[in-house]
Every structure is written in C-alpha cells, then in structure tokens.
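Step one of this worksheet: look at the structure below.
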Amino acid sequence: MSRKTVNDPRAAAVGPYSHGVWAGELLFLSGQTPIDAATRTLVEGDVGTQTRQCLANLAAVLSQAGLGLGDAIKCNVYLTDMADFAQMNAAYESRFERPFPARTTVAVAGLPLGARVEVEMIARR
C-alpha cells in the first residue's frame, strides 16, 4: 500500500513513523510530544509549556500539508497526571478558535522521554 505522507523538520520524530498520513481528505497526525526539533530535547517547564510545544509541532506538520490548526477536527490528549488537566486545557484553548475540535483526554502511565503530555490530531482538507 502506498501512503501519501507529510513530514516537517520542525516536528521531531522519536521513532519510525510519519508525522502525518493522508486518507482522502483526512490527515491523520501522529502524536507529538513536547520536543524542540532544533535541540532534539524535551522542552523544560510545566504542562502548559509542554502542551504549547506539542501544538506548535502539530501546527508545523499541518502547515507543511497546507493546513492550519483551524482545520483540526479531532484531538486526543494524553496526560501522565490528570492533576495537569486545567493547565493543559488553558494552553490548548489558547491555540484554537471556536468552535473547538472534538477532543478526548486520557491519563496514561508514561510517555516517551518523560513527557507530561502528548497530543495527536485528525485534520480535514
């Protein structure tokens, strides 16, 4: 099966995967952890700072595909501690406009490189 993929150097990959894969008009974006692609290291700071970096990484991939955060239709957010929910939510809300994309937020036991948050997305052209 051939895949039409989207990759952007402003979003670091921590494994063998594409940043995004087209399926018709839908772009499925891999989860982004708060890695600064320039330094290849996890962004230091609170979960709000880390959430903003995750969304910046996703925005870079969207931009490469000719889309923007306004084209997001569904996000999944993974937190290592649900006590971080309010702070993540505030950072998330600051990057999107109403009407917001559909979203699921779940707690997980751990994330790559010790990240506190990871965000994945589906967007539509």
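Here, residue 1 is the first one in the sequence, and each next residue gets the next number.
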Rounded distance (nearest 0.5 Å) linking atom [atom1] of [X] with atom [atom2] of [Y]:
X: Gln53; Y: Leu58; atom1: CD; atom2: CG; value: 10.0 Å
X: Phe85; Y: Thr105; atom1: CZ; atom2: OG1; value: 5.0 Å
X: Gln87; Y: Gln50; atom1: CD; atom2: CD; value: 10.0 Å
X: Leu67; Y: Met121; atom1: CG; atom2: CE; value: 10.5 Å
X: Arg52; Y: Thr49; atom1: CZ; atom2: OG1; value: 4.5 Å
X: Cys75; Y: Arg95; atom1: SG; atom2: CZ; value: 11.5 Å

To check you understand the geometry: which heavy-atom pair defines the closest contact between [X] and [Y], and what is its length?
X: Ala11; Y: Ala37; value: N-CB, 4.0 Å
X: Leu55; Y: Val119; value: CD2-CG1, 4.1 Å
X: Ser18; Y: Ser30; value: O-OG, 2.6 Å
X: Ala12; Y: Ile35; value: CB-CG2, 3.7 Å

With side chains defined as the heavy atoms from C-beta onward, is the minimum distance between Pro101 and Ile73 less than 4.5 Å?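 Side chain of Pro101 against side chain of Ile73, heavy atoms only: no contact under 4.5 Å found.
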
Contact check, side chains of Lys74 and Thr104, non-hydrogen atoms, under 4.5 Å: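 A side-chain contact under 4.5 Å exists here.
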
Report yes or no: does [X] contribute a side-chain atom to a donor-acceptor pair with the main-chain N or O of [Y] at less than 3.5 Å?
X: Thr5; Y: Val21; result: no
X: His19; Y: Leu29; result: no
X: Ser63; Y: Ala59; result: no
X: Asn57; Y: Cys54; result: no

Partners of [X] by salt bridge (Lys or Arg N to Asp or Glu O under 4.0 Å), sequence neighbours excluded?
X: Arg124; value: none
X: Arg125; value: Glu25
X: Arg40; value: none

In one Ile/Leu/Val/Met/Phe/Trp/Tyr side-chain cluster, 4.5 Å: [X], [Y]:
X: Leu26; Y: Val6; answer: no
X: Tyr78; Y: Tyr17; answer: no
X: Phe96; Y: Leu62; answer: yes

Could you point out which residue of Met88, Glu120, Glu118 forms a side chain to side chain contact (heavy atoms under 4.5 Å, CB included) with Val77?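 Of all the options given, the one that passes is Met88.
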
Can a donor-acceptor pair be found between the side chains of Asn89 and Glu93 at a distance below 3.5 Å?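 Result is no, nothing qualifies.
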
Hey, is Asp84 close enough to Arg116 for a salt bridge, meaning N to O under 4.0 Å? yes

